[in-house]
Amino acid sequence: MDHANHVRLRPAELTPDTLEGATIYGPNDEKIGSVDHMHGSGQVVIDVGGFLGIGAKPVAVAANELDFMRDEDGDVHAVTSWTKDQLKAMPEHRD
């Protein structure tokens, strides 16, 4: 996926309604997880691994560490330099 023409989200758009369910892409455009929910005002909880949400490991990262954008269909997603293995190695997030 070519992200060059995707529209970056403004800080005011970084809300639970906008971000929940967004796909997270890592290096080489591999899908590495999806946004489960926001925790507080600055953290995003990403489900990593699993299948259809079952067996996924939730990890919390700062929202500003992800580059959120909309594609030409209006779907929200994010890009990061982290790999799936790096996210899996992070501590599990517990609410």
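None of the values given here were measured: they were computed from a predicted structure. Index from 1, following the sequence.
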- Evaluate the side-chain proximity of Arg70 to His77: yes if any heavy-atom separation is below 4.5 Å, no if none is. no

- Query: Taking the hydrophobic residues Ile, Leu, Val, Met, Phe, Trp and Tyr, and joining any pair whose side-chain heavy atoms are under 4.5 Å apart, which ones share a cluster with Met69?
  - Reply: Val79

- Message: Test of understanding: with side-chain hydrogen bond (donor to acceptor under 3.5 Å, both in side chains), list the residues that count as partners of Glu72, not counting sequence neighbours.
- Response: His6

- Query: Do side-chain atoms of Thr80 reach the backbone of Leu66 as a donor and acceptor pair under 3.5 angstrom?
  - Reply: no

- Task: May I ask you to list the residues sharing a hydrophobic cluster with Val7, side-chain cutoff 4.5 Å, ordered by chain and number?
- Result: none

- Note on the structure: side-chain hydrogen bond (donor to acceptor under 3.5 Å, both in side chains) pairs touching residues 60-69, sequence neighbours excluded, are Arg8-Asp67

- Query: Do Trp82 and Met90 have side-chain heavy atoms sitting under 4.5 Å apart?
  - Reply: yes

- Would Leu19 and Leu9 satisfy side-chain contact (heavy atoms from CB on, under 4.5 Å), going step by step from the backbone distance to the final call? CA-CA 10 Å; Leu19 301 184; Leu9 297 185; 3.9 Å; yes

- Test log, rule side-chain contact (heavy atoms from CB on, under 4.5 Å), inputs Lys57 and Asp47: CA-CA 5 Å; Lys57 178 182 178 180; Asp47 283 337; over 6 Å; no

- Task: Measure the shortest side-chain to side-chain distance between Glu92 and Pro58 over non-hydrogen atoms and say whether it is less than 4.5 angstrom.
- Result: yes

- Query: Stepwise, does the side-chain contact (heavy atoms from CB on, under 4.5 Å) test hold for Asn5 with Asp71?
  - Reply: CA-CA 8 Å; Asn5 294 324; Asp71 65 17; over 6 Å; no

Enumerate donor-acceptor pairs with a distance under 3.5 Å from any side-chain N or O in residues 20-35 to protein atoms, sequence neighbours excluded.
from: Asp29; atom 1: OD1; to: His3; atom 2: NE2; distance (Å): 2.8
from: Asp29; atom 1: OD2; to: Met1; atom 2: N; distance (Å): 2.8

- Who passes side-chain contact (heavy atoms from CB on, under 4.5 Å) against Ala60, sequence neighbours left out? Gln43, Val45, His93

